[in-house]
Student: 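Here it is, the structure in full.
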Amino acid sequence: MNKQFLYLDFETYYDSKQSYTLRKQSILEYVRSSQYKTLGLGYALDDGKVDWVSQKYVHAFLTAIDWSRTVLVCQNTKFDGFILHEIYKKIPAQYIDTLAMSRAVLGKTIKSHSLATLAEHFGLEAKGFLNTDGKWDLTIDEEKALADYCRHDVELCRTIYLRLAEDFPESQYPLLDQTIRMFVEPKLKLNVPMLQNASVEEAKRRADIFKEIGIDKSEFSSNVKFPILLQKYGYEVPMKESPRKMQEDGITPVMIPALALGDVDFLEMLEGQDEKLKMLCEARVAAKSTLLETRSAKMAKIGSMGLWSFDVEFSGADQTHRFSGGSGAGGNPQNFTRNSALRTAVEAPDNYELVVGDFSNIEMRLVAYLSKDPGLIEAIETGKDIYCDFASVFYGRTITKENKDERRFGKTAILGLGYGMGWNKFIRTVRTQTGQTLTEEDSRKAVDIYRTRYAQVPLLWYRLDGLIKILFGEVNPAIMPWNFPVGFAKQMILLPSGLPIRFPNLRQEQGEGKYVEWVYDIYKKGKLEKSKLYGGKMLENICQGLAGELCKTAMLAMGQDVVGQCHDELLVLCRRGLGHMTAAKLKRAMSVSPSWLPEIKLDAEVKVGSNWGIK
DNA sequence: GCTTGACGCGCC
DNA sequence: AAAAGGCGCGTCAAGC
């Protein structure tokens, strides 16, 4: 059967005065709203002429298409594909998205992945500008203007697709299709009463805190007012360097209050002996922590409108091509509060079961087998608990799973210290993740134990450090010192799939000390920012990129049954009664060693139930 | 009234 | 010599 490519762009009604826009609500709400209206569409088939279809012919036009052999290509296909599925009940054979392809191919070398920016990047005629805000019915002239505007967008989409396709690995198309399909063809349902209840309860919990203390919430939520409040009660405000803001010299960071959960001084205030101070700090956290309340309210609203889409962005994560959380279905599912209604309310539909698989410490395993560290590998292969192993050495006595606090510390060390973290940051990490307070001496000891006990890992950092000059293009990339599952090319690392981790404008610069550093420039939120590159960070990028590839391989193996993906987790749907069989299949899919690192031992924890929050 | 920058939170 | 990293979203404050 011969495929045909359909480049498509829906033009739809919006009204900013009524807040009926995609900025104000998710794609799901926008398209399911009673205000939704298709104004028309622009399209092109293969290399044919770009044409406009008026609103009253849209249905007939879409019905005449043989969807079983049609590949749909749009800029942000989640939007057009969702309209197509939800309003017109059409399902193409394959989804392609130029927005996602751009993220995969161009990454952070470009300030955004909008059609306008992409047109500029590829030297195409600029995207047009048209305002149809609030126009429900169009005059003939208005429709003509819209048609012209839309046709140009379709033309841009087609050209941009063809350009991006030159560098988009063939292997990624099925995964791109699956990612879009998870959104466009939703299968999960939301437990609306549960979400409403969660939101109401959380709102009450927070309100009670401010009522009891007798001070308005705004005094706590304001970064200006809260430190003043503390001072008024006679407390000293801890300070820290701002991570972003610099003084006028451009080098010295501005000092700001250290009153967040990531600040050790604040945690000590929060958990200390001074009851008044504790109360004030608890109220501060309550004021700043809005996610559970706002998100469950939003999800309740979405759940009442129909099935829920799992929204992730293809190649959304900085550098590594992992998925990031999408915002088209009520907010990023990657940061749904653990053990909360947000996860428990995500349910399999009637007569279905949900199977959730989670790769077991995937990044640690990658660090182990990439560095070939015998200690880590032995622990993995004998099933020894590596966290207890580390903790036993640190504490100088045998630590078992029964010693919860000690094991937790071991876990933080094993997961945290693999990418070169120093003792200073490790104190903060341990404090925020385990609540334990480390002395400088103990922190230094932990870092030292990690680097000597698993000595091949630091050795790998140093080797990767040396390889940076290959990325700079000084050394022939064909000369590789040892077998390694990623490629090194000019200003990029190539993952096995062919997707690049890019380090644009890689160069050496004078660091703060007397040493020279490798730095590169990437866009963050539309602004070019300089980042450092060093061995530990390269290993982190590589491990996260490879973990992403393993996850994608498992997704492919499970096919259309995959309904969600969250970090190292896969959500798979199956008919009631097939849960255990599906679980076994999923566990196998998540345990297969990849051809690019055949010696690695993988494992996954798989659960079967009716919702995402199983046990 | 809107956008933008900065910060903090929750997830890994 | 040593250096852990990232995403999306809500809120506040400042700028227009």
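Every chain is numbered from 1, with letters handed out A, B, ... down the list of sequences.
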Student: Does the aromatic ring of A:Tyr534 sit over the six-membered base ring of C:dA3, closer than 5.5 Å centre to centre and tilted less than 30°?
Tutor: yes

Student: Can you figure out which of B:dC7, C:dA3, C:dC7 approaches the side chain of A:Ser242 most closely?
Tutor: B:dC7

Student: Roughly how many Å is it from CD in A:Gln319 to P in C:dC7, rounded to a whole number?
Tutor: 8 Å

Student: Give the nucleotide from the list B:dC7, C:dA3, C:dT11 with an atom nearest to the side chain of A:Asn223.
Tutor: B:dC7

Student: So, under a plain 3.5 Å distance rule, would you say the side chain of A:Asn424 forms a donor-acceptor pair with the base of C:dA2?
Tutor: no

Student: Between C:dC9, C:dG5, B:dC7, which nucleotide gets closest to the side-chain atoms of A:Arg295?
Tutor: C:dC9

Student: Just checking A:Ser218: base, sugar-phosphate only, or nothing, at a heavy-atom cut-off of under 4.0 Å?
Tutor: nothing

Student: Is the closest basic N to carboxylate O distance between A:Glu202 and A:Arg295 below 4.0 Å?
Tutor: no

Student: Is the charged tip of A:Lys288 near the ring of A:Phe220: under 6.0 Å from the six-membered ring centre and within 45° of its axis?
Tutor: no

Student: Consider the side chain of A:Lys527, meaning its heavy atoms from C-beta on, and name the nucleotide among B:dG5, B:dG8, C:dG5 that approaches it most closely.
Tutor: B:dG5

Student: Using the closest heavy atom to pick a nucleotide of DNA chain B for each, name whichever of A:Ser16 or A:Ala258 lands nearer the 5' end.
Tutor: A:Ser16

Student: Mind listing the N/O atom pairs, protein and nucleotides 9-12 of chain B, below 3.5 Å?
Tutor:
| unit_1 | atom_1 | unit_2 | atom_2 | d |
| --- | --- | --- | --- | --- |
| B:dC9 | OP2 | A:Leu261 | N | 2.9 |
| B:dG10 | OP1 | A:Ser289 | OG | 2.6 |
| B:dG10 | N2 | A:Asn335 | ND2 | 3.2 |
| B:dG10 | N3 | A:Asn335 | ND2 | 3.4 |
| B:dC11 | OP1 | A:Arg338 | N | 2.8 |
| B:dC12 | OP1 | A:Arg338 | NE | 2.1 |
| B:dC12 | OP1 | A:Arg338 | NH2 | 2.3 |

Student: So, applying salt bridge (charged side-chain N to carboxylate O under 4.0 Å, His left out) with A:Asp521, which one of A:Lys108, A:Lys111, A:Lys530, A:Arg507 is it?
Tutor: A:Arg507

Student: Going by the side-chain hydrogen bond (donor to acceptor under 3.5 Å, both in side chains) test, name the single residue among A:Lys298, A:Arg206, A:Lys204, A:Arg205 that passes it with A:Glu293.
Tutor: A:Arg206

Student: Parallel, tilted or perpendicular, judged at 30° and 60°: which one describes the rings of A:Tyr30 and A:Tyr20?
Tutor: parallel

